[in-house]
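Single-structure report; data block below.
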Amino acid sequence: MSQSEIISIEPATGEEFWRGRIGDVDDVVSRARRAWPAWAAQPLATRMELVRRFANEVRKESDNLAETIARETGKPMWEARTEVETVVAKAEVSIRAFAERTAQRKLDNAIQGTMALRHKPHGVMAVLTPFNFPAHLPNAHIVPALIAGNAIVFKPSEKAPATGLLLVQCFHKAGISAAVVQVLIGGPAEGMALATHDGIDGVLFTGSAHTGIAINRKLAARPDKIVALEMGGNNPIIVWDTPKIADAAVLVIQSAFTTAGQRCTAARRLIVKDSMYDAIVTEVKALADRIIVGAPFDEPSPFMGPVIDGAAADGLTESFLYMLSNGGKAIKHLARTQGELPFLSPAIIDITGMAERPDVELFGPILQVVRVDDFDAAIAEANNTRFGLAAALVGGNPQEYNRFWANIRAGIVNWNRPTIGVSPGAPFGGIGLSGNHRPTGFYAADYCAYPVTSAEMEQPRANIGAGFREGN
Ligand code: NAD
């Protein structure tokens with residue numbers, strides 16, 4: 001018998017948080033198709049005003065939304081609150097982005113008439129998103145897509161559906177029709193059925209490379225559907241010459257362990273200059289030892305919560321053991337701190353001695369360390385991945401940063417800043433297995449609408465040029 005319900009479990013307690021019936025893909029898509037033309041025909045100013053009202057509804061709902069995020073993902077309450085603030089801020093950022101990226105333009109006004117550039121929405125967009133930012137990530141696709149005039153079918157992660165529902169209620173309370181933004185409750189099977197449905201004009205996906213590639217493969221023969229893929233990373237952070245060891249260690253810790261390492265931009269690999277190794281690794285370990293791991297509402301506040309579920313904790317433990325038994329040396333062991341619950345302590349492992357370093361995204365609190373002799377080796381090691389999302393250099397001089405910037409393959413390249421935490425006013429995306437060159441963030445407007453170029457004149461006016469016989 002096929003599964004008929006999705007059950008969301010609180011990672012920090014192991015208790016059921018929410019359950020609901022799996023939706024019907026055909027129903028939601030046909031409802032969206034019927035609703036879309038009227039939404040697209042609304043004046044842009046109306047759609048913008050409704051999105052602003054949505055931000056107000058989220059503001060009113062912020063305590064409830066933050067609590068739901070914290071309970072459903074296990075992230076600390078302070079972090080859930082910052083996620084809600086990002087959701088609120090997205091409305092204004094997206095309105096600005098629409099104006100800068102896809103607004104109407106008159107290109108010239110010559111004797112041949114006007115050349116106008118305008119953008120049209122694609123139609124009905126499927127939005128598929130992961131569990132780690134269950135409000136911000138869907139919102140980052142939905143808001144720009146709505147402004148552009150698309151209707152939305154949003155399938156939240158099966159691990160955080162309650163947050164998705166709450167988010168969508170805010171669109172409806174703001175006055176956006178329930179048929180224009182719909183939720184489809186479901187798991188991978190519903191995700192694929194939605195992405196490949198004939199009534200869908202585009203897929204806006206954030207999640208793992210594994211899933212993104214599966215969707216891309218299925219849609220390979222459908223160039224008519226726009227597919228925006230925001231996927232994972234195996235992100236490097238290089239620590240080079242710097243007297244500021246304590247600051248460098250904080251940047252490494254923030255990059256590797258915020259959100260229990262469950263961020264696409266989290267630093268997975270610390271690449272250190274040989275001569276800096278002892279000082280940096282000692283300081284990073286000391287700081288990691290001080291990290292409070294706990295439940296979202298604990299006092300004092302934890303720095304990180306559990307990972308999303310037991311399967312994730314088991315997978316990470318297996319990966320850590322695999323590295324240990326294949327040449328890795330533990331600097332700080334991965335421990336399951338609260339029985340069967342998926343609380344993991346931050347772990348650090350030196351993998352310099354591994355003959356074959358795994359190029360996979362370990363989506364949790366495991367930092368792998370590699371020591372190198374010179375700067376070229378550091379850059380080569382940093383690029384030793386099929387992914388290309390975020391990379392950071394800590395220390396070094398401006399010339400070294402220039403070399404790093406020029407040679408590193410990633411969509412986010414930082415200097416003396418963590419790998420995580422990108423400005424909302426910037427585009428966000430990666431190369432390689434991290435994305436398909438359709439960055440989100442400020443550039444999301446680009447994939448939510450297509451350009452239409454029009455040569456226009458109020459009356460027909462034309463002269464026949466060369467190549468005709470004389471007429472009567
Ligand atoms: P996931 O790929 O398992 O799931 C993402 C979404 O896809 C979910 O809604 C899921 O139900 C759906 N899905 C899963 N399998 C599917 C299939 N075969 N067909 C269609 N849909 C399917 O990702 P996750 O474990 O929830 O999230 C973690 C991943 O997300 C990490 O790899 C992380 O790096 C990535 N991520 C990327 C970004 C970014 O902006 N680049 C941001 C956050 C997270």
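Just so you know, these numbers use all the heavy atoms, side chains as well, and skip hydrogens, waters and symmetry mates. Numbers here simply count residues along the sequence, with the first being 1. Both ligands and their constituent atoms are indexed starting at 1 by order of listing.
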Next on the checklist: Any non-hydrogen side-chain atom of Ile412 less than 4.5 Å from a side-chain atom of Thr419?
Outcome noted: no
Item to check | Element-labelled atoms of ligand 1 that are located less than 4.0 Å from some non-hydrogen atom of Phe428 | outcome: 39 (C), 40 (O)
Checklist entry - Could an N or O of ligand 1 be found under 3.5 Å from any N or O of Thr211, whether backbone or side chain? => result yes
Checklist entry - Counting only heavy atoms not in Trp78, do more than 12 fall under 6.0 Å of its CH2? => result yes
Checklist entry - Looking at ligand 1, does Ala195 have a heavy atom less than 4.0 Å from it? => result no
Item to check | Any N/O pair Arg263/ligand 1 closer than 3.5 Å | outcome: no
Item to check | For ligand 1, the portion of Leu137 having any non-hydrogen atom under 4.0 Å away | outcome: side chain
Item to check | Ring center gap for His141 and Tyr447 short of 6.0 angstrom | outcome: yes
Checklist outcome for this item: A student comparing Gln262, His141, Glu158 should find that the heavy atom closest to atom 10 (C) of ligand 1 comes from Glu158
Checklist entry - Would you say Thr206 has any N or O atom under 3.5 Å from an N or O of ligand 1, going by distance alone? => result no
Checklist entry - Can a salt bridge be assigned to the pair Arg268 and Asp359 using a cut-off of 4.0 Å between side-chain N and carboxylate O? => result no
Checklist entry - So which protein heavy atom does atom 25 (O) of ligand 1 come closest to, and at what separation? => result Phe131 CE2, 3.6 Å
Item to check | Distance (rounded to the nearest 0.5 Å) between Asn150 CG and Asp201 CG | outcome: 8.0 Å
Next on the checklist: When you measure from the centre of the six-membered ring of Phe133, is the NZ or CZ of Lys75 closer than 6.0 Å and no more than 45° off the axis?
Outcome noted: yes
Item to check | For atom 27 (O) of ligand 1, the protein heavy atom that lies nearest, with its residue and separation | outcome: Pro130 CB, 3.0 Å
Next on the checklist: Tell me the protein heavy atom at minimum distance from atom 28 (C) of ligand 1, and give that distance in Å.
Outcome noted: Phe363 CE2, 3.5 Å
Next on the checklist: Would Met231 count as being in polar contact with ligand 1, using the rule that some N or O on each side must be under 3.5 angstrom apart?
Outcome noted: yes
Item to check | Distance-only N or O hit between ligand 1 and Thr129, under 3.5 Å | outcome: yes
Item to check | Protein heavy-atom partner closest to atom 34 (O) of ligand 1 - residue, atom, separation in Å | outcome: Glu361 OE2, 2.6 Å
Item to check | Exam field: side chain Arg269 to backbone Asn234, donor-acceptor pair closer than 3.5 Å | outcome: yes
Next on the checklist: What I want to find out is whether Glu92 reaches Arg52 closely enough, with some N-O distance under 4.0 Å, to be called a salt bridge.
Outcome noted: yes
Checklist entry - Do other residues, nucleotides or ligands put more than 12 heavy atoms under 6.0 Å from the CZ atom of Phe297? => result yes
Item to check | Selection from Gly207, Pro134, Pro439 by shortest heavy-atom distance to atom 35 (C) of ligand 1 | outcome: Gly207
